[in-house]
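Encoded as C-alpha cells, the structure appears first; notes follow it.
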Amino acid sequence: MAPVRRADVAVADLLEPADAVSLSAGGGRTRDTRLTPSAPGNPTPMVSIHELYRRWLDELWHGNRDVAADLVTEDFVGHWPDRDVTGPADLAAVVRETHAMFTDLSFALEVGPVVEGDLVAARWTGRGRTAQGPMRFVGHDILRVRDGRFAEYWVATRTDS
C-alpha cells in the first residue's frame, strides 16, 4: 500500500521552529532561526530574526519609536559614521531626528535580511522630501542579535539625490 500524502502540510510545519527552512526567490534554502525576546515578563511569541528585522525597518524606521524597547537590548549600541547611540531611548531619538528632516519619509527593503549566526544584514532604500525637494538614499544595515533583540548596529548610508 502506498503511503498517504498530505498536500496541505508544509515542510516547515514538520520541523522544530529552530530548524524551519524557507525557499528563497532564487530557489535556495535559507535558515529561519527562531528566537524568543528576553524582556522580563514579555509574553511575546517566538519570532524569527527575519521578522525582527522587518519590525526594525517597517515599524521603527517608519516612525513608531515606541517599539525601540521591544527591538533592542537595554545596552544596545548603534554605530553611525559620525556617532554612537546607546540604548532604546537614544535610538528612538535618532529616529525622531531623522523623521524631522523629511516629510513623507519611507523605507523599502531591497536585499535581505540575510542571517548568519547572530548577525543580520540588509540593504534598503529611503525616500523623503526636504525643503530642497525629493531625496533618495540607500543604506546597508548589519545588526547583532542577543537574547531575541538587537544588541549592536552598524549602518552605512549614502544620499542618491
Side-chain angles (χ1 to χ4, degrees), residues 12 17 20-39 44-161:
V21 174
S22 62
L23 295 177
S24 70
R29 293 163 52 106
T30 59
R31 187 176 206 69
D32 188 16
T33 307
R34 297 279 167 172
L35 31 94
T36 305
S38 64
T44 305
M46 292 176 80
V47 296
S48 74
I49 295 173
H50 292 88
E51 291 164 356
L52 187 66
Y53 184 80
R54 281 294 194 172
R55 288 192 67 203
W56 170 267
L57 191 63
D58 293 344
E59 293 179 42
L60 179 66
W61 285 102
H62 275 96
N64 184 358
R65 298 181 310 270
D66 295 336
V67 301
D70 293 340
L71 300 178
V72 303
T73 61
E74 286 299 316
D75 62 347
F76 168 85
V77 178
H79 306 283
W80 271 258
D82 60 344
R83 67 178 171 176
D84 283 351
V85 172
T86 57
D90 283 352
L91 175 60
V94 168
V95 172
R96 183 180 58 248
E97 290 170 15
T98 303
H99 277 265
M101 294 186 291
F102 298 93
T103 57
D104 303 321
L105 182 60
S106 66
F107 295 89
L109 184 62
E110 300 293 332
V111 177
V114 177
V115 178
E116 181 67 34
D118 66 347
L119 296 176
V120 180
R123 175 185 166 90
W124 48 264
T125 302
R127 286 182 169 67
R129 179 171 289 283
T130 67
Q132 292 75 36
M135 179 179 280
R136 179 181 180 274
F137 47 101
V138 296
H140 296 90
D141 290 344
I142 299 174
L143 296 109
R144 186 171 53 81
V145 178
R146 186 182 73 230
D147 297 328
R149 294 187 284 166
F150 295 125
E152 199 162 10
Y153 175 52
W154 298 267
V155 62
T157 60
R158 177 190 90 222
T159 58
D160 202 24
S161 29

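Keep in mind that this is a model prediction, so the values were computed, not measured. Residue indices begin at 1 and follow the sequence shown. Computation of the quantities below employed the complete heavy-atom set of this structure, encompassing side-chain atoms and omitting hydrogens, waters and symmetry-equivalent molecules.
Taking the side chain as every heavy atom from C-beta outward, Asp75 and Thr86 never approach each other to under 4.5 Å. Using a 4.5 Å cut-off on side-chain heavy atoms (C-beta onward), Val145 and Phe150 make contact. Annotation: side chain of Val138 is in contact with side chain of Arg123 (closest heavy-atom distance under 4.5 Å). Here the side chains of Val120 and Trp56 are not in contact, with every heavy-atom distance at 4.5 Å or above.
No side-chain donor-acceptor contact under 3.5 Å links His140 to the backbone of Ala122. Proximity of a side-chain donor or acceptor of Arg54 to a complementary backbone N or O of Pro113 within less than 3.5 Å is not detected.
Smallest separation of non-hydrogen atoms from Thr98 and Phe102: O-CD1, 3.1 Å. Of all non-hydrogen atoms in Thr73 and Ala151, the two that sit nearest each other are OG1-CA, 3.5 Å. Counting all heavy atoms, side chain and backbone alike, Ala92 lies closest to Arg65 at O-CD, 3.0 Å. For the pair Pro81 and Val155, the tightest heavy-atom approach, listed with the atom from each and the gap, is CD-O, 3.8 Å. For Ala68 against Pro88, the heavy-atom pair with the smallest separation is CB-O, 3.7 Å.
Within 6.0 Å of CD in Glu97 there are more than 12 heavy atoms belonging to other residues, nucleotides or ligands.
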Inset, instruction - List the steps and the verdict of side chain to side chain contact (heavy atoms under 4.5 Å, CB included) for Tyr53 and Val115. - result: CA-CA 10 Å; Tyr53 184 80; Val115 178; over 6 Å; no
Inset, instruction - Determine, step by step, whether Arg144 and Leu119 satisfy the side chain to side chain contact (heavy atoms under 4.5 Å, CB included) criterion, reporting the C-alpha distance in whole Å, the side-chain angles of both residues, the deciding distance to 0.1 Å, and the verdict. - result: CA-CA 5 Å; Arg144 186 171 53 81; Leu119 296 176; 3.9 Å; yes
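Separating the CZ atom in Phe137 from the CH2 atom in Trp124 is a distance of 5.5 Å, to the nearest 0.5 Å. The CG atom of Asp84 sits 12.5 Å away from atom OH of Tyr153, with the distance rounded to the nearest 0.5 Å. Rounding to the nearest 0.5 angstrom, the gap separating the CZ atom in Arg55 from the CG atom in Asn64 is 8.0 Å. The distance from the CD1 atom of Ile49 to the CG atom of Leu143 is 10.5 Å, given to the nearest 0.5 Å. Expressed to the nearest 0.5 Å, how far CG of Asp70 lies from CG of Leu60 amounts to 10.0 Å. A distance of 7.5 Å separates NE2 in His99 from CH2 in Trp61, rounded to the nearest 0.5 Å.
Look at Arg83 and Asp90 and you find no salt bridge, because none of the NZ, NE, NH1 or NH2 atoms lies under 4.0 Å from a carboxylate O. Arg136 has no carboxylate O lying under 4.0 Å from a charged side-chain N of Glu110, or vice versa, which leaves the two without a salt bridge.
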